Asker: 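Let me give you the structure first, and then I'll get to my questions.
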Amino acid sequence: MKVLFITRDLIQNAGWGRTGYETIVAIQKDKNISVGAAIERSGGKEGIVDEVISLIPSKSIWAICRNIIKVWKVRDSYDIFHAIDLWPYGLYAFVAARFGKRKKCIINGIATYSIAPLDKKIFGFIPRYVYRHTDAIPCISEYTKKEIDKRLPGANTSLVLQGFTKMEHQRVSDTYLAEKGIKDTDYPLLITVGEAKPRKGQLYTAKAVALLKEKYPNIKYLIVCNKFAKGYMTEIEHINAKLGGQVIQLINDAKTDGHLEMLYKRSDMFALNSVNSKEGHFEGFGLVILEANQFGTPALGSFNCGIESAIQDGVSGYLCRQEDEKDIARNIEKILEMKRGNPEYWKEKTIAFCNTFSWDKAAEQYIRLYK
């Protein structure tokens, strides 16, 4: 059986690339399956597949049409076309699978671009037709599945949760935290990892931290990211300035798993208080939550998005109302309250929870869909 994965890239420092990479690695453990990849961006990990088809970045109708042709041209070499996300990759998979001798088409329901195209007034009929006539739509979270089902009742959706990739221990300098200005007295210490932009909700976490500053004078919030929206970060910096300038800290050089491990272990909790945007953007899952959980770090996240699948409320952390800094602040205190009597309270629960997620388990479900 030959499967062609169609996605943006296989770069592991973001959720999209990590999903494609880990899924391919797990599926290829079945020696009866060989895999190719059609990708827009290379990142040095393409050696895991038998064939790489280079796509043009899908930024125009012209590029999308060129990519449709590129994928269609190799259709006779593959039995399965598996797209990571509906738009535009699902379109490429669908055309290759349906125009000519019929092949199987699988399209993952991920997040924004698995939902928003369905709501377009002019061209929305195209992605709706693709979904209705594809063989399977495995969704990475209950929320994504629910949103697709709401728009297309009867679509071939199923739930295939993300896997969990354990970070490999890497030795880094014992002075790293001190070099970052992180002190033993910083308490509580919150951390978030990922691009700083409105959908990720760092602003509301910062507002919650501001509400708690008087009660917890040594509170600190670490925003670990290599990329941020300048205007959005300016809003957060304005809050920090009002708090004296030492409460919210941007860290943009945590480049290895070793650096992240030290930051996760030192932190009292992880926060991903994502916000659903007016344009229909939302958090599809939140792999970084499980990344933090493996070190016993509980998490805060948002209701009404894919994070509901990545946090077991009250077990691995707490879910909060979106754009509600008071609710976030209350849940910060709930996490701290449980640790006061038992500093190890969250450790066993969070580690056990993240270990329930497995790429091998996800791969088994995909293979069943292929057959």
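Keep in mind that this is a model prediction, so the values were computed, not measured.
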Asker: Find out whether Phe94 and His133 are in side-chain contact, i.e. whether some heavy atom of one side chain is under 4.5 Å from a heavy atom of the other.
Answerer: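 Contact flag for Phe94/His133 side chains = yes.
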Asker: Distance alone, cut at 3.5 Å: any donor-acceptor contact between the side chains of Gln162 and Thr19?
Answerer: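 Present: a donor and an acceptor within the cut-off.
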Asker: Is there a chain of hydrophobic side chains (I, L, V, M, F, W, Y, each step under 4.5 Å between heavy atoms) that links Leu152 to Val160?
Answerer: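 As far as the 4.5 Å side-chain criterion goes, Val160 and Leu152 are connected within one cluster.
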Asker: Which pairs pass salt bridge (charged side-chain N to carboxylate O under 4.0 Å, His left out) with one or both residues in residues 256-267, sequence neighbours excluded?
Answerer: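 Every pair satisfying salt bridge (charged side-chain N to carboxylate O under 4.0 Å, His left out) with a residue in residues 256-267: Glu261-Lys265.
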Asker: Does the side chain of Trp359 come within less than 4.5 Å of Val25's, by heavy atoms?
Answerer: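 The answer is no, as the side chains (C-beta and beyond) never meet within the 4.5 Å cut-off.
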Asker: Charged N to carboxylate O below 4.0 Å: is that the case for Asp327 and Arg330?
Answerer: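 So Asp327 pairs with Arg330 through a salt bridge.
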Asker: Answer whether the closest heavy-atom distance between the side chains of Ile110 and Ile84 falls below 4.5 Å.
Answerer: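 They are in side-chain contact.
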Asker: Do you reckon Ile39 sits in the same ILVMFWY cluster as Ile53, going by side-chain contacts under 4.5 Å, direct or chained?
Answerer: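 Yes; Ile53 is reachable from Ile39 via cluster members.
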Asker: Given the side-chain rings of Phe285 and Phe357, with only the six-membered ring counted for Trp, is the space between their centroids under 6.0 Å?
Answerer: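 Ring centroids of Phe285 and Phe357 are less than 6.0 Å from each other.
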Asker: Could you list the residues that satisfy salt bridge (Lys or Arg N to Asp or Glu O under 4.0 Å) with Arg18, not counting sequence neighbours?
Answerer: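 So Arg18 forms a salt bridge (Lys or Arg N to Asp or Glu O under 4.0 Å) with Glu22.
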Asker: Using the test ring pair (Phe, Tyr, Trp, His ring centres under 6.0 Å), find all partners of Tyr21 that sit at least two apart in sequence or belong to another chain.
Answerer: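 Residues passing ring pair (Phe, Tyr, Trp, His ring centres under 6.0 Å) with Tyr21: none at all.
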Asker: Checking side-chain polar atoms at under 3.5 Å, does Thr205 have a donor or acceptor matched by the opposite partner on Asn273?
Answerer: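 Distance-only check passes for Thr205 and Asn273.
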Asker: Would a 4.5 Å heavy-atom cut-off, applied to side chains only, mark Phe5 and Ile27 as touching?
Answerer: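 Of all side-chain heavy-atom pairs linking Ile27 with Phe5, at least one is under 4.5 Å.
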Asker: Among side-chain atoms of Thr175 and Glu179, is any donor-acceptor pair under 3.5 angstrom?
Answerer: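 Glu179 and Thr175 do have a side-chain donor-acceptor pair below 3.5 Å.
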Asker: If you look at every heavy atom in Leu290 and Cys354, which pair is closest and at what distance?
Answerer: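 So the two residues come closest at O-CB, 4.0 Å.
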Asker: With respect to Asp149, which candidate in Arg151, Glu147, Lys145 satisfies the side chain to side chain contact (heavy atoms under 4.5 Å, CB included) definition?
Answerer: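 The residue from Arg151, Glu147, Lys145 that satisfies side chain to side chain contact (heavy atoms under 4.5 Å, CB included) with Asp149 turns out to be Lys145.
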Asker: For residues His82 and Tyr370, report the shortest heavy-atom separation together with the two atoms involved.
Answerer: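 Between these two residues, the closest heavy atoms are ND1-OH, 2.7 Å.
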Asker: Flag the pair Arg98 and Asp135 as a salt bridge only when some basic side-chain nitrogen lies within less than 4.0 angstrom of an acidic carboxylate oxygen.
Answerer: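 Between Asp135 and Arg98 there is a salt bridge, with a charged N closer than 4.0 Å to a carboxylate O.
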Asker: Do Asn108 and Tyr366 have a side chain donor and acceptor closer than 3.5 Å?
Answerer: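 Present: a donor and an acceptor within the cut-off.
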Asker: Could you check whether Ser114 and Asp85, counting side-chain N and O atoms only, form a donor-acceptor pair closer than 3.5 Å?
Answerer: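 Ser114 and Asp85 do have a side-chain donor-acceptor pair below 3.5 Å.
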Asker: Think Lys339 forms a cation-pi with Tyr345, using NZ or CZ under 6.0 Å from the six-ring centre and within 45 degrees of its axis?
Answerer: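 Ring-cation test returns no.
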Asker: Suppose the criterion is salt bridge (charged side-chain N to carboxylate O under 4.0 Å, His left out): which pairs have a residue in residues 205-225, not counting sequence neighbours?
Answerer: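 Output for this query lists Asp186-Lys220, Lys215-Glu333.
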Asker: Decide yes or no for Ile64 and Tyr92: does some side-chain heavy atom of the first lie under 4.5 Å from some side-chain heavy atom of the second?
Answerer: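 They are in contact (side-chain heavy atoms under 4.5 Å apart), so the answer is yes.
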Asker: Who else is in the cluster with Phe295 when I, L, V, M, F, W and Y are joined by side-chain contacts under 4.5 Å?
Answerer: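 Result for Phe295 is Met167, Val172, Tyr176, Leu177, Ile182, Leu189, Ile191, Val193, Leu222, Val224, Ile251, Leu260, Met262, Leu263, Tyr264, Phe270, Leu272, Val288, Ile289, Phe303, Ile307, Ile311, Leu319.
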Asker: Does a side chain donor of either Glu40 or Tyr89 reach within less than 3.5 Å of an acceptor in the other side chain?
Answerer: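 A donor-acceptor contact under 3.5 Å links the two side chains.
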Asker: Considering only Ile, Leu, Val, Met, Phe, Trp and Tyr, and joining two whenever side-chain heavy atoms are under 4.5 Å apart, list the other residues clustered with Ile56.
Answerer: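 Taking Ile, Leu, Val, Met, Phe, Trp and Tyr as members, Ile56 shares its hydrophobic cluster with Trp62.
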